[in-house]
Amino acid sequence: MNASEIEKLWEDVKKILETEIPVSSYDAWIEPLEIIEYESNQITLLSGQAIAVEYLKKNHYPKFLEAFKKVLNKDIIVIFETDKETFDKIKKAKAKEEKKEERKIEKAQQKEEEHKKAIENLGYVQSMNLNLKYRFDNFVTDENNKMAKAAAESVASNPNAQYNPLYIQGGSGLGKTHLMQAIGHALINSKKIQCVKSEVFINEYINSTARNKDSNKSNLMNKFRQKYRNIDVLLIDDIQFFEGKKQCMEELFNTFDTLHLANKQIVLTSDRLPKDMPEMPQRLISRFEQGLVVEIRPPKEETRIKILENLAKSKNLKIPKDVFCYIAKNYKTNVRELEGAFNKVEAFASFEDTDITLEFAKHVLKCEERNELNIEKVAQEIAKYYGITVEDIKSSARSSNISNSRKITAYIAKEYLKLKLEDIAKFIDKKHQTVIYACEQIKEKLNKDNKLEKEIKEILSILNLN
Ligand code: ADP
Ligand code: MG
């Protein structure tokens with residue numbers, strides 16, 4: 001018999017003895033015994049106390065013989081030995097072993113729990129519209145977005161402490177949704193969260209106010225309010241979509257106040273600053289500004305390269321660095337477009353079953369290299385930035401957006417490209433006095449107008465001129 005078979009034999013015998021010997025005696029004298037040996041019809045049992053051995057020999061010896069006989073189907077001799085030191089050593093070793101075993105089981109249980117939770121979370125993450133891609137650990141920072149990330153991390157580790165609401169502002173594709181959802185992920189196990197796009201919130205609200213034959217209107221509204229008010233953290237993406245929708249802004253206002261009063265965390269994103277949404281009522285704007293407003297500006301070139309490197313790494317792709325540099329140089333204002341350009345190159349390489357090289361990326365993207373900056377390119381970027389066309393800049397249209405873009409083009413061409421006034425005037429098709437006036441106006445405004453200062457800073461960064 002091997003060691004575990006002998007142990008098993010002893011367990012079986014103890015089960016029999018347990019039924020035949022009074023519990024108190026059994027617990028005191030038999031349960032602690034250790035089986036040491038089973039050799040040539042002889043079993044040796046060890047005790048730590050001489051008195052126990054004496055007691056058992058005197059009172060229960062025949063029961064031991066019978067029990068062993070029952071289990072083994074043969075007669076054997078039972079010998080009791082007393083050796084306190086060895087006995088203690090065995091008990092100690094056994095206890096250690098048991099602890100180890102317990103720990104093992106605990107660990108296995110813990111793993112199972114974690115696994116279960118992860119699966120549950122996955123469902124939760126999906127039902128919350130959280131994208132697993134958007135986490136803090138894969139958000140690349142530089143001076144243009146580090147404040148926003150730090151604020152988001154602060155909210156994630158300490159909701160409703162310092163920044164409530166947290167309002168994240170930035171242009172399209174600069175990581176607003178990414179940061180907002182990262183907060184959601186960080187809090188998913190400890191808080192009840194709702195993450196919603198503004199359009200969805202608006203649609204759900206409208207649906208719950210609609211007259212519906214089959215369902216009770218107030219029930220629908222209750223359900224809607226329950227969903228967005230009976231929570232710890234509300235994340236609303238692209239808040240600018242509420243602008244001008246009167247009823248929806250009212251509902252947003254009430255939701256906001258209910259949560260805020262109950263000390264619940266609110267996080268909002270928008271492509272505009274609160275004060276740059278003219279149709280938003282003042283009471284909403286002041287609430288948006290009540291916590292912390294952080295801005296995300298377009299990432300620097302090295303950040304864009306890092307984002308692409310990470311993307312390639314996450315897809316297990318080995319790509320030469322000059323490809324990342326090329327794409328990063330040509331996609332400056334929007335990380336979504338930057339990633340899109342990379343994905344396009346990857347998809348084409350996969351269709352054509354070829355390696356991704358700089359030549360290949362150039363062939364796919366056909367980007368114009370922008371090393372040589374001229375007034376045409378400056379105007380192109382400014383037009384893109386303000387959502388107009390170069391033709392608008394060259395036109396005589398006088399709307400404030402276009403006229404502003406024209407003045408900024410003149411200003412940058414004069415101050416940064418150091419172009420002659422005549423050349424600038426020719427480009428924008430105006431007199432050269434107009435150029436002088438435009439530049440002076442921008443210079444003067446720059447000292448007073450923070451919004452303009454910020455915009456020009458961003459444009460200069462896009463043009464790599466700062
Ligand atoms: P926004 O909501 O501001 O329009 P998103 O958060 O949707 O932009 O970001 C667009 C894409 O760019 C996403 O895939 C996002 O993961 C990625 N992205 C943006 N900024 C960063 C960054 N700093 N680091 C890593 N990925 C980024
Ligand atoms: Mg977004």
Side-chain angles (χ1 to χ4, degrees), residues 125 128-156 165-186 193-203 234-243 266-274 276-277 288 293-315 317 319 324-325 327-328 330-347 384-385 387 454-455 458 461-462:
V125 166
M128 291 295 89
N129 304 313
L130 292 178
N131 187 330
L132 286 168
K133 249 176 51 187
Y134 298 153
R135 305 180 312 268
F136 286 125
D137 65 75
N138 62 0
F139 189 83
V140 186
T141 45
D142 62 20
E143 64 199 66
N144 291 344
N145 61 20
K146 69 176 183 211
M147 260 295 288
K149 186 187 178 201
E153 280 181 316
S154 164
V155 165
L166 174 64
Y167 186 106
I168 305 172
Q169 185 268 333
S172 173
L174 294 186
K176 301 182 296 294
T177 301
H178 188 131
L179 278 184
M180 193 183 78
Q181 296 216 2
I183 297 175
H185 286 303
I193 297 165
Q194 270 300 343
C195 174
V196 65
K197 288 182 188 177
S198 294
E199 303 101 288
V200 174
F201 184 98
I202 289 169
N203 281 339
L234 178 61
L235 312 168
I236 309 190
D237 210 1
D238 289 322
I239 207 87
Q240 72 274 6
F241 282 110
F242 277 89
E243 214 190 347
I266 300 156
V267 181
L268 310 163
T269 75
S270 173
D271 65 0
R272 269 167 287 154
L273 289 169
D276 293 334
M277 294 188 284
F288 294 163
V293 177
V294 275
E295 296 173 40
I296 308 185
R297 290 194 295 275
K300 301 194 145 242
E301 190 165 319
E302 66 213 54
T303 314
R304 301 197 296 276
I305 294 173
K306 184 95 188 51
I307 290 172
L308 292 176
E309 283 174 344
N310 286 356
L311 191 61
K313 211 166 147 195
S314 74
K315 297 179 171 202
L317 295 170
I319 291 171
F324 298 134
C325 295
I327 301 176
N330 287 287
Y331 292 83
K332 298 178 176 176
T333 46
N334 182 326
V335 181
R336 193 176 298 114
E337 285 178 11
L338 177 83
E339 291 184 338
F342 175 85
N343 290 336
K344 186 170 169 187
V345 174
E346 189 211 341
K384 204 162 133 196
Y385 186 88
K454 192 194 103 208
E455 289 170 358
E458 286 185 7
S461 150
I462 291 165

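The figures that follow rest on heavy atoms only: side chains count, while hydrogens, waters and symmetry mates do not. Numbers here simply count residues along the sequence, with the first being 1. Counting starts at 1 for both ligands and their atoms, in listed order. As the structure is a computational prediction, the values presented were derived from the model and not from experiment.
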* Asked: Is a donor on one side and an acceptor on the other found under 3.5 Å between the side chain of H185 and the backbone of N131?
  ->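 Yes; judged by distance alone, with no hydrogens or angles, the pair exists.
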* Asked: Is there a donor-acceptor contact under 3.5 Å from the side chain of D237 to the main chain of K176?
  ->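 Not confirmed, D237 side chain does not pair with K176 backbone.
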* Protein contact to atom 27 (C) of ligand 1 [nearest heavy atom, distance to 0.1 Å] ->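 Result: V335 CG1, 3.8 Å.
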Counting only nitrogen or oxygen atoms and a 3.5 angstrom limit, does [X] reach ligand 1?
X	value
F139	no
H178	yes
S172	no
V140	yes
K176	yes

Locate the shortest heavy-atom distance separating [X] from [Y]; write the atom from each residue and the value.
X	Y	answer
T141	K149	CG2-CD, 3.3 Å
I239	M277	CG2-CE, 4.1 Å
F288	P165	O-CG, 3.7 Å
P298	K332	CB-O, 3.7 Å
T269	Q240	O-OE1, 4.2 Å

* To do: Please round to the nearest 0.5 Å and tell me the distance separating atom CG of L308 and atom OG1 of T303.
  =>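 Answer for the CG-OG1 pair, L308 versus T303, is 11.0 Å.
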* To the nearest 0.5 Å, how far apart are CZ in F342 and CD1 in I319? ->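 If I round to the nearest 0.5 Å, the distance is 3.5 Å.
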* Option among L234, L179, V155 that satisfies the side chain to side chain contact (heavy atoms under 4.5 Å, CB included) test with V267 ->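 The passing option is V155.
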* Among V196, I193, L268, which one satisfies side chain to side chain contact (heavy atoms under 4.5 Å, CB included) with L235? ->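 With L235 as partner, V196, I193, L268 yield a single side chain to side chain contact (heavy atoms under 4.5 Å, CB included), made by I193.
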* To do: Quick one: look at N138 and ligand 1, take heavy-atom pairs under 4.0 Å, and tell me if it's side chain, backbone, both or neither.
  =>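 N138 to ligand 1: backbone contact only, side chain stays beyond 4.0 Å.
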* So which bit of T177 gets within less than 4.0 Å of ligand 1, heavy atoms only: side chain, backbone, both or neither? ->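 Under 4.0 Å from ligand 1, T177 contributes backbone and side-chain atoms.
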Can you figure out which of [options] has its heavy atom closest to [atom]?
atom	options	result
atom 7 (O) of ligand 1	R135, R336, Q181, Q169	R336
atom 8 (O) of ligand 1	G170, G175, S270, G171	G175
atom 4 (O) of ligand 1	G173, A148, P298	G173

* Polar protein atoms near the Mg ion (ligand 2) [N, O or S; cut-off under 2.8 Å] ->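 Sorted hits: T177 OG1.
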* Asked: Hey, does N334 have a side-chain heavy atom less than 4.5 Å from the side chain of S172?
  ->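 Touching, per the 4.5 Å side-chain cut-off.
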* Does ligand 1 have any atom that is closer than 4.0 Å to a heavy atom of P299? ->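 Judged by the 4.0 Å heavy-atom criterion, P299 does not count as contacting ligand 1.
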* Asked: What atoms of ligand 1 come closer than 4.0 angstrom to any heavy atom of N145?
  ->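 Answer, ordered by atom number: 23 (N).
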* Atoms of ligand 1, numbered as shown, that sit under 4.0 Å from any heavy atom of E339 ->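 Matching atoms, with element in brackets: 11 (C), 12 (O), 13 (C), 14 (O), 17 (C).
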* Asked: Any chance the side chains of K315 and N343 put a donor and an acceptor closer than 3.5 Å?
  ->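 Yes - a donor-acceptor pair under 3.5 Å links their side chains.
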